Amino acid sequence: MEKEKLVLVDGSSIAFRAFFAMHNVLEKFKNPQGLHTNAIFAFDNMLDSILKKSQPSKMLVAFDAGKVTFRTKMYRDYKGNRPHTPGEFQEQLPYIKQLLAARGIQNYELANYEADDIIGTLARQGEAAGCQVTVVTGDRDLTQLVTDQVTVVVTIKGVSELEYYTPEHFQEKLGIKPQQLIDLKALMGDNSDNYPGVTKVGEKTGLKLLHQYGSLENLYAEIDGMKTSKLKEHLLEDEDQARLSQQLATIQCQAPIKVELADLTYQGDQTEELVEFYKEMNFQSKLNKLDISQEQLTSAPPVKYHELTTEQLEDWVATPTEQTVVIEMLNDDYHTEPIIGLAVGNEKEIWVSDQVELLANPQLKACLENPKTPKIVFDYKRTYVALYRHQIQLQGVKFDALLASYLLDVNDNSNDLGELAQSYNYYQLEPDRKFYGQGAKKKVPAASELKQHLANKVAALQFLAQELPPQLQEHDQDQLFEEIELPLALVLAQMEIAGIKVEQGTLQEMQQKLGVRLAELEQDIYRQAGHEFNLNSPQQLSQVLFEEMKLQPLKKTKRGYSTSVAVLEKLKNKAPIITDILNYRQVAKIQSTYVVGLLHSLAQDGKVHTRYQQTLTQTGRLSSVDPNLQNIPVRSEGREIRKSFVASEPDWQLFSSDYSQIELRILAHLSGDENMQQAFRENYDIHAHTAMRIFGLQDIKAVTPDMRRKAKATNFGIVYGISDYGLAQNIGISRTEAAEFIKSYFDQYPKVKLYLDQMVQQAREQGYVETIMHRRRYLPDIHAHNYNVRSFAERTAMNTPIQGSAADVIKIAMINMQEKLQEHQLKTRMLLQVHDELIFEAPTAEIAILEKLVPQVMDSAVQLDIPLKVESAYGLTWYDAKG
DNA sequence: ATCTTCACG
DNA sequence: ACGTACGTGAAGATT
């Protein structure tokens, strides 16, 4: 028969470790009642990994009962130097015990004894009963219990990195037997438990003594034979302390515990209790990991629905009320994904079908296209594009729960209706990740299940459509939602559908040429290295450079030495191979990401249709995927890629307009700094103007290119949330110099300084910062104890209102622009947005109109205290349409 | 799945 | 004393 497995956990030390392991997210892990939950969460993670690894049949988690123990009676100062445990930790302990109950695990504490003693006692009992015992703790003291039957697992970092102490490992590590640990501690004392041991004896000396004498007992028996030394003096002088420390270090293995081995049977998760507990703690991810049915998660009856058929449509159309619309696709790319089902619902009934042909029904089409029938959706843009592919132009959308949830909190951006509903304590919709599975296991379930899922989506959406609008109002975000994000979704859908034409031939030619160059560079590099290797592997490259060629590594990464451009640039003059590598890197990047990547994204119509992610960034910017058209090269030779982007019709051209220094202008506006505002009003070269001011020059003509470069970097730094270190890195000056730059910058633009300080202050006081259109970003880390984490939040507080307001401005401009194009009945199409730039395709005949219209619309998007500036360019390709 | 690198504003 | 500039996405290697 297999041995019974007993797991004993030092709950006190593990909970404490768990708390600090997730201390950096302390303020993010709070349940709706304001209880901190980080230690509970991390503790549960640790339970998962123990249960998985050990598969125990018996288990117990022991806790310290209080500060007073038999050890404090022996020695008043025992653990007397422990700092006060934080309240955020204390409050979680009762819940950790509740968690244990819900997971079917016993916990126990005993007055006057520490968790260690309970564990020691049960470990010996378990051993005697023939169990295989595993002890889990954050404290190395417990390793004194190690035997062939008792393994002690000690957490090294956090709660995930573990060290397994078997007799062999213990021997290897310390060179003594586990039981000798007690005598070692008797000699060296314990700082964290605050007992002294023998003066001047630490781990090294202690071990040496034990190797020589075997035990404390023996040492003092033979101490007369020891030759005279300071050490001997200390040993004699501190004998009492040593003997006391020995007692303190000894784990009591016969504590008068009131639990028996037989009580410790591991029961397994108590599903109902655990579900309630996770709900109370707001542990959405854990709820979803539980292997339970929908019914077990919610007590409500299943959502009722009708099968939507052609005949049913008659009834449905007859009642034209507010409709909730769900168009389902399995994967992300709605430009190509097939629709697998649809559902509609009003306040009375829900209809569902997996028959996509229904979309050809004229009545259904008419209803979806009727602007007077208000619609509720989740992801307007996705829904619009999917229906557009079925010749339906969705109209009348008045609420998008995805957009609303993004505005309410940009942090939880799961983009999943089920998860969103759960965060509002609505549990009748499984998240898609769980319903469809993920990775290789992802698939569409049987029709009946799918239809129930879609009906659940409608119901959840109806719930959210009630829940979210009042919150938008409370945030003062009605305008942002109704006049910006919602109409923008339609504009973006139209841009994505239009797509931009890419000349396949141009790219293929580039692919040829670059392929030849890459092969040459590769051979050159192999020759210089003396052998072939994988040039794309930073690991192998650093082997060649830093080990074989003995170049000086300048920077470390997590896995080895960095081979980034910054490093290689500095090594350039040490070996000719570096230049070739840099060259290879640049060309390889262009080839793989842009030439080959773009060719893969080319659709049947010869165009690429990116998707703009409207609910992703923390600042309100858009992002672009599949392909990313917001990072097509422009600074280097990769710019050639832009020659393949062309207008889609003969005698049309590409036209591009961009805001000049929009972020600095917004800073000038927001801060109200007179000096900066004046510079923009007078239309000075802003970086030169800054240089003149911070270098104390009388005339802008006295500014050298290098001064301007540094001033430009400083301006950027200000926008990013300045730090002397960051600025120093960027322009290659010392930190002291950078600090002087910043000081003189703030002297010249005093209100900028004031404004940035205010933003940090505001984040501290109200927990978030805002853009001019009330886009909000919460910054819980602003209170972090960790300097780095806190500093990051402070820089974010400074940067987000600037970057985010710029995003607001161009979004408004895009909506207005689309309107103007229609109003003037222009054929011009808006195709791309690159943060501060809009790209259009236009008949050559309309270019002259655009040259006036686009800048006019863009710079009047919002009224600021200083003018906005827009610059335009056009040409046959995107390469040419760049000023 | 995560890391490293590098492209953009 | 601490060690970072803000916001993104894709490719390829490695775990």
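Hydrogens, waters and symmetry mates are skipped; everything else that's a heavy atom, side chains included, is used. Bear in mind the structure is a predicted one, so any value in this text is a computation, not a measurement. Protein chains get the first letters and strands the later ones, always in sequence-line order, with residue 1 at the start of each.
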Q) Contacts to DNA chain B from residues 506-515 of chain A, heavy-atom cutoff under 4.0 Å, which residues? A)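 Nucleic-acid contacts, sorted: none.
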Report which part of the nucleic acid [X] touches: base, sugar-phosphate, or nothing (heavy-atom distance under 4.0 Å, all strands).
X	result
A/N631	base
A/T800	nothing
A/R611	nothing
A/D658	nothing

Is the closest side-chain donor-acceptor distance between [X] and [Y] under 3.5 Å?
X	Y	result
A/S601	A/D626	no
A/Q803	A/T619	yes
A/Y334	A/K381	yes
A/S872	A/S657	yes

Q.
Could you check whether A/K643 makes a cation-pi contact with A/Y879, meaning its NZ or CZ is under 6.0 Å from the centre of the six-membered ring and within 45° of the ring axis?
A. yes
Q: With A/R795 as the cation and A/Y720 as the aromatic partner, state whether NZ or CZ is under 6.0 Å from the six-membered ring centre and within 45° of the axis.
A: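 Judged by the rule (NZ or CZ under 6.0 Å from the ring centre, within 45° of its axis), A/R795 is not positioned above A/Y720.
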Q. Where along residues 709-721 of chain A does a heavy atom come under 4.0 Å from DNA chain C, residue by residue in number order?
A.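 Residues of residues 709-721 of chain A that come under 4.0 Å of DNA chain C are, in numerical order, A/A713, A/G717, A/Y720.
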Write down the atom of [X], the atom of [Y], and the distance for their closest heavy-atom approach.
X	Y	result
A/V595	A/I641	CG2-CD1, 3.6 Å
A/A797	A/M759	O-CB, 3.5 Å
A/P801	A/T796	CD-O, 4.2 Å

Q. Of all nucleotides in DNA chain C with an atom under 4.0 Å from a non-hydrogen atom of chain A, which is the first and which the last going 5' to 3'?
A. C/dC2 to C/dT15
Q.
Please give the distance between the P atoms of C/dA5 and B/dC6 as a whole number of Å.
A.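 Per the computed distance, 15 Å lies between those P atoms.
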**Q.** Atom P, compared across C/dT4 and B/dT5: separation rounded to whole Å
**A.**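 15 Å, rounded to whole Å.
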(Q) Less than 4.0 angstrom from a charged side-chain N to a carboxylate O is my criterion; do A/K52 and A/D48 meet it? (A) no
Q. Between A/E569 and A/K572, is the closest basic N to carboxylate O distance under 4.0 Å?
A. yes
When the side chains of residues 770-780 of chain A are checked against the rest of the protein, which donor-acceptor pairs come out under 3.5 Å, sequence neighbours left out?
from: A/T771; atom 1: OG1; to: A/M773; atom 2: N; distance (Å): 3.3
from: A/T771; atom 1: OG1; to: A/R775; atom 2: N; distance (Å): 3.0
from: A/T771; atom 1: OG1; to: A/D808; atom 2: OD2; distance (Å): 2.5
from: A/R775; atom 1: NE; to: A/D808; atom 2: OD1; distance (Å): 3.0
from: A/R775; atom 1: NH1; to: A/E485; atom 2: OE2; distance (Å): 3.0
from: A/R775; atom 1: NH2; to: A/E485; atom 2: OE2; distance (Å): 2.7
from: A/R775; atom 1: NH2; to: A/D808; atom 2: OD1; distance (Å): 3.0
from: A/R776; atom 1: NH1; to: A/H475; atom 2: NE2; distance (Å): 3.4
from: A/R776; atom 1: NH1; to: A/Y778; atom 2: OH; distance (Å): 2.9
from: A/R776; atom 1: NH2; to: A/Y768; atom 2: OH; distance (Å): 3.2
from: A/R777; atom 1: NH1; to: A/T800; atom 2: OG1; distance (Å): 2.9

Q.
Applying the side-chain contact (heavy atoms from CB on, under 4.5 Å) criterion to A/I839, which one of A/L629, A/D658, A/V834 satisfies it?
A.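 Exactly one option meets the side-chain contact (heavy atoms from CB on, under 4.5 Å) with A/I839, and it is A/V834.
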Q: Please list, in 5' to 3' order, the outermost nucleotides of DNA chain B lying under 4.0 Å from any heavy atom of chain A.
A: B/dT2 to B/dG9
Q. Between A/Y745 and A/F741, is the gap from one ring center to the other below 6.0 Å?
A. no
Q) Stems in DNA chain C: runs of 3 or more consecutive Watson-Crick or G-U pairs, distances under 3.5 Å? A) B:1-9 with C:6-14
**Q.** Along DNA chain C (nearest heavy atom to each residue), the more 5'-positioned of A/S537 and A/D626
**A.** A/D626
Q | Sub-4.5 Å side-chain heavy-atom contact between A/V646 and A/V502 | A | no
